[in-house]
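Beneath this line is the structure, given in structure tokens, with notes to follow.
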Amino acid sequence: MSEFNFNNKTFSLIENSENGNVSSETIFKYKQEGNLVTANYYGGTIKYGKIIANLSNNTLNMLYQCITTENELKAGKAIAKISLTSNNKIKLKLNWEWLGTINESGFSEYIEN
């Protein structure tokens, strides 16, 4: 079992690639059951989004989808490396990729609130 617990944790953005949709106004609310990790997210340019992930040691293998405030449907995948800050807050470093015709990719970083 992993040392990380995402249940009832809230995360916000530290930094994101220019081609990402998430901003500092976007809030992520996580839940966890065993190695299944899910999250709802919203705020900024995101009307509603959903993450489903598999937790293995210090890695989350994620799929995500969202609808933007401009009613654009988007989906992607990411690998998140998990670490703890000096004050025991969870930090996520994501390498992500939009799925579809563009297949843009990027990097983002999140911190537990």
Side-chain angles (χ1 to χ4, degrees):
M1 191 59 148
S2 173
E3 65 181 288
F4 302 106
N5 180 1
F6 286 85
N7 204 39
N8 297 318
K9 302 278 176 86
T10 302
F11 286 75
S12 56
L13 181 73
I14 298 172
E15 70 174 286
N16 198 4
S17 298
E18 207 172 289
N19 54 343
N21 277 85
V22 171
S23 70
S24 59
E25 298 171 331
T26 310
I27 301 298
F28 294 78
K29 296 190 178 250
Y30 280 80
K31 298 284 185 193
Q32 181 177 350
E33 276 188 39
N35 67 333
L36 171 64
V37 177
T38 60
N40 293 320
Y41 62 102
Y42 52 86
T45 62
I46 305 296
K47 191 183 293 186
Y48 178 77
K50 187 73 175 177
I51 295 170
I52 185 167
N54 183 44
L55 175 61
S56 178
N57 299 316
N58 69 335
T59 302
L60 280 174
N61 189 356
M62 310 171 107
L63 292 173
Y64 55 90
Q65 59 189 0
C66 68
I67 186 165
T68 69
T69 53
E70 295 179 357
N71 292 316
E72 182 182 12
L73 287 170
K74 299 188 89 174
K77 63 182 181 176
I79 300 293
K81 292 297 181 187
I82 309 164
S83 61
L84 289 176
T85 65
S86 58
N87 59 348
N88 285 325
K89 297 289 184 178
I90 298 174
K91 190 177 200 179
L92 300 173
K93 292 184 178 186
L94 275 70
N95 284 305
W96 53 262
E97 178 182 349
W98 290 115
L99 302 176
T101 55
I102 299 172
N103 283 349
E104 288 182 295
S105 61
F107 171 82
S108 58
E109 200 168 349
Y110 302 86
I111 189 78
E112 177 188 344
N113 294 336

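All residue numbers refer to positions in the sequence shown, counting from 1.
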- prompt: Quick one: does L99's side chain get under 4.5 Å of K77's, heavy atoms only?
  reply: yes
message: Within this structure, what is the NZ-CD1 distance for the pair K93 and I79, rounded to the nearest 0.5 Å?
response: 16.0 Å
query: Just how far is it from atom CG of L92 to atom CD1 of I82, taken to the nearest 0.5 Å?
result: 6.0 Å
query: Do the side chains of F4 and L60 get nearer than 4.5 Å, heavy atoms only?
result: no
I90 and L84: CA distance, side-chain angles, deciding distance, side chain to side chain contact (heavy atoms under 4.5 Å, CB included) verdict: CA-CA 5 Å; I90 298 174; L84 289 176; 3.9 Å; yes
- prompt: For the residue pair E25 and G44, what are the closest heavy atoms and their distance?
  reply: OE1-CA, 3.2 Å
message: For a side-chain hydrogen bond (donor to acceptor under 3.5 Å, both in side chains) check, start with the C-alpha distance between N71 and K47, then their side-chain angles and the critical distance, and finish with the verdict.
response: CA-CA 8 Å; N71 292 316; K47 191 183 293 186; 2.4 Å; yes
message: If I take atom CD1 from residue I14 and atom OG from residue S24, how far apart are they, to the nearest 0.5 angstrom?
response: 12.0 Å
query: Would L36 and I52 satisfy side chain to side chain contact (heavy atoms under 4.5 Å, CB included), going step by step from the backbone distance to the final call?
result: CA-CA 7 Å; L36 171 64; I52 185 167; 3.8 Å; yes
- prompt: Would you say the side-chain atoms of Q32 pair up with the backbone N or O of G34, donor to acceptor, closer than 3.5 Å?
  reply: yes
- line: Between W98 and K74, the two heavy atoms sitting closest are CZ3-CB, 3.4 Å
query: Does K29 NZ have over 12 foreign heavy atoms under 6.0 Å away?
result: no
message: Within this structure, what is the CG-CG distance for the pair N57 and N35, rounded to the nearest 0.5 Å?
response: 10.5 Å
message: As an exercise, state the distance from OH of Y64 to CD of E97, rounded to the nearest 0.5 Å.
response: 8.0 Å
query: Would you say the side chain of K50 lies within less than 4.5 Å of the side chain of N40, judging by non-hydrogen atoms?
result: yes
- request: Taking the side chain as every heavy atom from C-beta outward, state whether V37 and K31 have any pair of such atoms under 4.5 Å apart.
  value: no
field: L13, I27, I51, T10 screened by side chain to side chain contact (heavy atoms under 4.5 Å, CB included) with Y41, the one that passes
entry: I51
statement: Heavy atoms of S105 and N19 approach each other most closely as O-ND2, 3.0 Å
Minimum-distance pair of heavy atoms, taken over all atoms of T45 and N21: OG1-O, 2.7 Å
query: Which class fits the ring pair Y30 and F6: parallel under 30°, tilted 30 to 60°, perpendicular over 60°?
result: tilted
task: Give a yes or no on whether the backbone of E33 and the side-chain of N7 come within a donor-acceptor separation of less than 3.5 Å.
output: no
query: Which distance, rounded to the nearest 0.5 Å, do you find between the CZ of F11 and the CD1 of I111?
result: 7.5 Å
Shortest non-hydrogen contact from F107 toward N16: O-OD1, 3.4 Å
message: Please evaluate residues E109 and L94 with respect to the criterion side chain to side chain contact (heavy atoms under 4.5 Å, CB included), reporting the C-alpha separation (whole Å), side-chain torsions for both, the decisive distance (0.1 Å), and the verdict.
response: CA-CA 6 Å; E109 200 168 349; L94 275 70; over 6 Å; no
